[in-house]
Amino acid sequence: MTLYTGNYAAFVESKQAERERREAEIAKREKEIAQHQAFVDRFRAKNTKARQAQSKIKQIERISIDRLPPSSRRYPTFEFRQCRPAASRC
């Protein structure tokens with residue numbers, strides 16, 4: 001649970017900013033992993049760079065990516081029942 005100060009508008013703005021920050025952080029980590037993996041794919045078999053490639057593999061394993069949970073916000077559900085024909089009430 002996270003406490004927010006201010007009114008509802010400030011809460012919505014803070015929450016959106018936090019989500020965007022976390023999405024940017026995840027994108028940055030994924031880009032970093034992709035760069036390390038490209039290095040490994042290029043130089044794994046080359047004997048002069050094999051040690052560096054192994055180091056990059058270990059770095060990839062250490063990088064953790066937290067997935068953002070879906071919104072916990074509940075939306076109303078509506079259920080419409082069809083009335084009987086004629087003038088009867090539902």
Side-chain angles (χ1 to χ4, degrees):
M1 182 151 95
T2 305
L3 296 176
Y4 294 93
T5 58
N7 60 10
Y8 184 75
F11 154 74
V12 171
E13 186 178 317
S14 297
K15 186 158 179 149
Q16 183 64 28
E18 175 67 20
R19 185 157 184 94
E20 289 173 359
R21 185 193 63 77
R22 290 178 68 193
E23 287 174 351
E25 184 179 325
I26 289 171
K28 179 182 169 188
R29 287 182 181 176
E30 288 174 346
K31 182 179 176 184
E32 184 179 355
I33 288 173
Q35 289 174 343
H36 290 319
Q37 190 62 47
F39 181 89
V40 169
D41 293 342
R42 255 189 330 204
F43 295 116
R44 177 179 276 169
K46 193 172 183 179
N47 61 359
T48 59
K49 300 275 187 174
R51 182 173 284 170
Q52 287 179 349
Q54 290 299 318
S55 175
K56 297 286 184 186
I57 290 172
K58 289 179 185 177
Q59 286 178 355
I60 290 171
E61 291 171 356
R62 279 189 240 130
I63 296 173
S64 66
I65 297 178
D66 301 328
R67 297 291 171 205
L68 288 177
S71 176
S72 63
R73 191 164 197 167
R74 291 186 181 175
Y75 295 100
T77 57
F78 296 101
E79 184 177 321
F80 297 102
R81 296 184 192 151
Q82 186 172 0
C83 294
R84 288 184 234 135
S88 64
R89 296 183 149 217
C90 295

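Along the sequence shown, residues carry numbers from 1. Keep in mind that what you see is a predicted model, and the values were worked out from it rather than measured.
With a 6.0 Å radius and a threshold of 12 heavy atoms from other residues, nucleotides or ligands, E13 has its CD atom at or below the threshold.
A continuous path of ILVMFWY side-chain contacts below 4.5 Å connects I33 to L68, so both sit in one hydrophobic cluster.
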task: With side-chain contact (heavy atoms from CB on, under 4.5 Å) as the test, would you mind laying out the steps for E25 and D66 before giving the verdict?
output: CA-CA 9 Å; E25 184 179 325; D66 301 328; 5.7 Å; no
task: Let me see the working for K15 and R19 under side-chain contact (heavy atoms from CB on, under 4.5 Å), right down to the final yes or no.
output: CA-CA 6 Å; K15 186 158 179 149; R19 185 157 184 94; 5.8 Å; no
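Using a cutoff of 4.0 Å between basic side-chain nitrogens and carboxylate oxygens, E32 and K28 are not scored as salt-bridged. At a threshold of 4.0 Å, the pair R21-E18 counts as salt-bridged, since one of the basic side-chain nitrogens sits closer than that to a carboxylate oxygen.
E30 contributes atom CD, which lies 13.5 Å from atom CD of Q37 (distance to the nearest 0.5 angstrom). The line from CD of Q52 to NZ of K46 is 10.0 Å long, rounded to the nearest 0.5 Å. Summarising the geometry, atom CZ belonging to R44 is positioned 15.5 Å from atom NZ belonging to K49; distances are rounded to the nearest 0.5 Å.
Here the side chain of R29 pairs a donor or acceptor atom with the backbone of S64 at under 3.5 angstrom.
The minimum heavy-atom distance between A53 and V40, with the atom names listed, is O-CG2, 3.5 Å.
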